[in-house]
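Residue numbering restarts at 1 for every chain, and letters A, B, ... go by the order of the sequence lines.
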Amino acid sequence: MTEAPESLNFLEQIIAEDLANGLAPDKLRFRFPPEPNGYLHIGHAASICLNFGLGKKFNAPVNLRFDDTNPTKEEQEYVDAIRYDIEWLGFQWDKECYSSDYFQELYDWAIELIKQGKAYVDGQSPDLIAEQKGTPTTPGKASPFRDTSVEENLDLFQRMKEGEFEAGTYVLRAKIDMSSPNMLMRDPLMYRIVRKAHHRTGTEWCIYPMYDWAHGQSDYLEQISHSLCTLEFKPHRELYDWCLDQIYDNNKLRPKQREFARRNLSYTVMSKRKLLELVQSKTVAGWDDPRMPTISGLRRRGYTPASIRKFSELSGISKRDGVTDVSLLEFCIREDLNKTATRVMGVLDPVKLVITNYPEGKEEMLVAENNPEDPNAGTHEVPFSRELYIEREDFKEEAGSKFFRLTLGQEVRLKNAYIIKGESVVKDEKGNITEIHCTCDLDSKSGSGTEASMRKVKGTLHWVSIQHAIKAEIREYDRLFLDEAPDSHEGKDFMEFVNPDSLKIIKEAYLEPFLQEAKLDDKFQFQRLGYFTLDKDATSERLIFNKTVGLRDTWAKQQSQPAQQGNKPSQPSKGQPQGQRSAINEIQKISKKYTNLSGDKLANAKASIMNLAEGVSYEELQPLFNTAAKKVGTRIGVMITLGVLLNKGLVRNSEIDAFIEAGLNDKNELLAEEAKAIK
RNA sequence: UGCCCGAUGGUGUAACUGGCAACACGUCUGAUUUUGGUUCAGAAGAGUCUAGGUUCGAGCCCUAGUCGGGCAACCA
């Protein structure tokens, strides 16, 4: 009977509260308000999924509104791209709106404000106006135009509209409060003159409203109930409300602005300006370069709409800014593709394998399962013959017992084919392996049901038949930046962290012929390698596949651990290394619950700490002197450890004395006791 | 020097509004496996920024600090 308590994010809670306080459910309406000045990225996807998700959850319409009040930056190209991306993500908007649809209403309201003495035309230079604004800590000064008469303001504003003045000569300002602690309330600009054709209104207007005068009013006109934006707009809320106050009619719904944290992804940047810089500097091939965090880039890379929606869902919504690890995004796409991608075989770094006991000239078609996760996915045929390619790294002449691949004298299975045994290698004069010779157990054909075919072997390799293989270009991508948060370093430009090896092109890889028929949106798993999708540059003569993401690879992980190779950007490693625990960590762990113990258990804990303390250095211990007073257990553990170190000849210093002194004076008897013992 | 916002495992979020700090990713074991994938079972990892206070009881409420972020575009 009791439902699992559904956990709402803070915005859903606000909406639920409004509903509980009497807001009619059919009044709910949301909007996604992009400025058409760039392409959508994964951060926008969070906002899209939030707004459209809310619409779905509360059964409310969601408008798509292009916030197009600045013709110097905005273009139809972006409008089209944004529309496409949202639909591709799987969302449908109710009304398609444009701020520019409201230019007339906005203008009329501005006239009203002037008439009420709440707005004035300012003819000063931008510099002067900025100077008069003051600073966050010092109040601003009134403009000499602040007290211009209503009639004169009306006349000036009219002439602004009619194009009598040059761009930059006059602006309309709201008359609010030049000494407000909120800089945005210091007589903000409402209108400026811009001499540029607008992508929708053409040259009809030469004055354009600013964001603050347009956004809330647009929400109001569309009767948006909840206007959700990112954190940096928080200070705008006061102005948003002020603007609404000027025009608000009690019979209508009053929109409410609320703010949430934007979604950042590790190892990339997310601002349109920086993405544009990557494009313009030719660091990437375009907005839809598969390394870009744009929706179009992710799409080209092979990400699915479902995976991006899942990512947004798992990331959640909050008011605290942070960086979400790309591993979550990768998890989402693997999860989706594992269930849907067709399994195929392709060899990226080939070495020739000859099956010496397989008849020359013979070829046979073998059956390959399209997707083991989906019994209804069917099968396809794959040609087999005496000479194959296998992956170079799948063979070692001599290998340890942990190598589950082909070695001399060992058996492995060729996926969907036969069990083979490595026999000998052919090398060139430099000692490079040019051919591997093996024999195969002709009774072991996969799916034949013979006893031989059921045999357990150490590993399974993917392969292609040389004579049947088709060639293709493969593009593998690595993270675009070497740093987890490339734009978070003061004094360093994010471009310094660009990963020079983010793109690896394999000009000639060998694929099974089934792939000749691949179409643009098809998703494949190249078995044991990863997920791949056809690139839009591909033609039937020249196939090109993008690697979306690799399979999880515990083998590669093991390999790179001891060597600690620097060729792959290492995982973020803040704090303690995981998996192993040092003595000091162990002491902390035991100490934590120290005060809950008594009798034998207490004695045992103390003994363990003293024992572990033998392996602790002063450098490790010293930082723990700052342990919060309330973490008594930890401080006791530190005190005991300190005692052991002092016993071993550690020289006292002021830090140590201070720590002991604090312990002596502590309310906790156990701590005071330990302190006394080493005083 | 002002105003606003935030702070919970390595990361992202929860904690039904004061009651045993949970979930996911990641990490590590083990089992299964014709993908070193998937799946399954398990583990480690948090004294909830600090110091006080209210309370039988505080991640949550109050006070004061600390740290981080935002705010002075004719951008949105």
Side-chain angles (χ1 to χ4, degrees), chain A residues 4-9 13 33-35 37 67 69-70 72-73 126 129-131 133-140 167-168 170-171 180-184 186 189 191-194 208 210-212 214-215 229 231-238 259 261 263 266 272 314-325 327-332 334 338-339 343 345 369 372-373 402 404-405 413-417 419 446-447 453-454 456-457 459-462 525 527-530 551-558 571-576 578-581 589 592-593 628-631 633-634:
Chain A
E6 187 191 16
S7 139
L8 301 177
N9 68 46
Q13 286 180 26
E35 183 190 9
N37 70 340
D67 216 342
T69 57
N70 184 3
T72 60
K73 288 182 170 177
I129 291 178
E131 198 188 310
K133 273 214 168 151
T135 71
T137 51
T138 58
Y170 286 94
V171 291
S180 168
N182 183 348
M183 296 292 290
L184 289 161
R186 322 247 258 229
L189 271 59
Y191 272 93
R192 76 286 212 193
I193 299 169
V194 179
Y208 291 91
M210 300 288 290
Y211 166 85
D212 289 298
H215 202 92
C229 58
L231 248 30
E232 70 267 26
F233 288 96
K234 176 72 219 282
H236 290 253
R237 186 148 113 197
E238 193 180 355
E259 310 81 16
R263 179 66 42 205
S266 62
K272 284 191 208 169
L314 292 182
S315 299
I317 294 291
S318 73
K319 293 180 75 166
R320 112 197 219 212
D321 33 28
V323 182
T324 303
D325 202 290
S327 66
L328 186 63
L329 219 209
E330 291 177 347
F331 162 78
C332 292
R334 285 194 187 108
N338 175 50
K339 286 184 295 205
R343 268 54 170 183
M345 291 191 286
E369 223 179 347
E373 306 295 314
K402 282 171 77 184
F404 300 164
R405 304 178 182 187
R413 186 187 304 276
L414 293 174
K415 179 78 185 173
N416 298 319
I419 292 173
S446 291
S453 73
M454 315 283 261
K456 301 260 181 250
V457 290
T460 302
L461 307 187
H462 61 274
Q525 185 198 91
Q527 291 193 93
R528 305 209 300 135
L529 296 177
L551 260 26
R552 271 186 80 229
D553 192 346
T554 48
W555 170 243
K557 224 178 281 174
Q558 283 176 42
Q571 284 292 89
S573 57
K574 275 193 264 173
Q576 294 298 336
Q578 293 172 29
Q580 77 234 13
R581 221 179 357 248
K589 193 188 161 201
K592 232 191 244 181
K593 283 152 194 160
K630 117 179 160 192
K631 299 175 187 171
T634 302

Each nucleotide N or O in nucleotides 68-76 of chain B that has a protein N or O under 3.5 Å away: list the pair and distance.
from, atom 1, to, atom 2, distance (Å)
B:G69, O2', A:D321, OD2, 3.4
B:C74, N3, A:G168, O, 3.3
B:C74, N4, A:Q124, O, 3.4
B:C74, N4, A:G168, O, 2.6
B:C75, OP2, A:R192, NE, 3.1
B:C75, OP2, A:R192, NH2, 2.8
B:C75, O3', A:R192, NH2, 3.2
B:C75, O2', A:N70, ND2, 3.1
B:C75, O2', A:K73, NZ, 3.3
B:A76, OP1, A:T69, OG1, 2.6
B:A76, OP1, A:R192, NH1, 3.4
B:A76, OP1, A:R192, NH2, 2.9
B:A76, OP2, A:Y211, N, 3.0
B:A76, O4', A:E35, OE1, 3.4
B:A76, O3', A:D67, OD2, 3.0
B:A76, N6, A:H236, NE2, 3.0

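- Spacing of C1' atoms, B:C4 relative to B:U27, comes out at 38 Å, to the nearest Å.
- The phosphate of B:U38 has OP1 or OP2 within less than 4.0 Å of a side-chain N or O from A:R552.
- As rounded to whole Å, 14 Å separates atom P of B:U38 from atom NZ of A:K415.
- For A:T138, the side-chain contact (heavy atoms from CB on, under 4.5 Å) partners at least two apart in sequence or on another chain are A:T135.
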Open item on the list: Pairs counted only when both distances fall under 3.5 Å, Watson-Crick or G-U: show me the 5' to 3' dot-bracket for RNA chain B, [ ] for pseudoknotted crossings and | for other-strand partners.
Closed with: .((((((..((((.....[..)))).(((((.......))))).....(((((..]....))))))))))).....
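- For A:K319 and A:E259, the salt-bridge test fails: no basic side-chain N is under 4.0 Å from an acidic carboxylate O.
- Under the ring-ring contact (aromatic ring centres under 6.0 Å, His included) criterion, A:F233 pairs with A:Y211, A:H236, sequence neighbours left out.
- Distances from the side chain of A:E373 to the nucleotides B:U38, B:G36, B:G2 place B:U38 closest.
- Judged by distance alone with a 3.5 Å cut-off, a donor-acceptor contact links the side chain of A:R343 to the base of B:U35.
- Remark: A:R263 is in phosphate contact with B:U13, judged by side-chain N or O atoms under 4.0 Å from OP1 or OP2.
- Looking at A:E259, its side chain has no donor and acceptor atom pair within 3.5 Å of the base of B:G6.
- In this structure, A:F331 does not pack face-to-face on the six-membered ring of B:G26, missing the 5.5 Å centre cutoff or the 30° plane limit.
- One C1' atom belongs to B:G30, the other to B:A21, and the distance between them is 28 Å to the nearest Å.
- Contacts of A:K630 classified as side-chain contact (heavy atoms from CB on, under 4.5 Å), with partners at least two apart in sequence or in another chain: none.
- Between A:N338 and A:E369, the residue anchored closer to the 5' end of RNA chain B is A:E369, taking for each the nucleotide with the nearest heavy atom.
- OP1 or OP2 of B:G36 has at least one side-chain nitrogen or oxygen of A:R528 nearer than 4.0 Å.
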Open item on the list: One character per nucleotide, please: for nucleotides 50-62 of chain B, 5' to 3', B when the base has a protein heavy atom closer than 4.0 Å, S when only the sugar-phosphate does, - otherwise.
Closed with: SS-----------
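- Checking the phosphate oxygens (OP1, OP2) of B:U34, no side-chain nitrogen or oxygen of A:S446 falls inside 4.0 Å.
- Of the side-chain N and O atoms in A:K456, one or more sit less than 4.0 angstrom from OP1 or OP2 of B:U34.
- The listed nucleotides are B:G12, B:G36, B:C5; the one nearest the side chain of A:T554 is B:G36.
- Checking the phosphate oxygens (OP1, OP2) of B:C5, no side-chain nitrogen or oxygen of A:K319 falls inside 4.0 Å.
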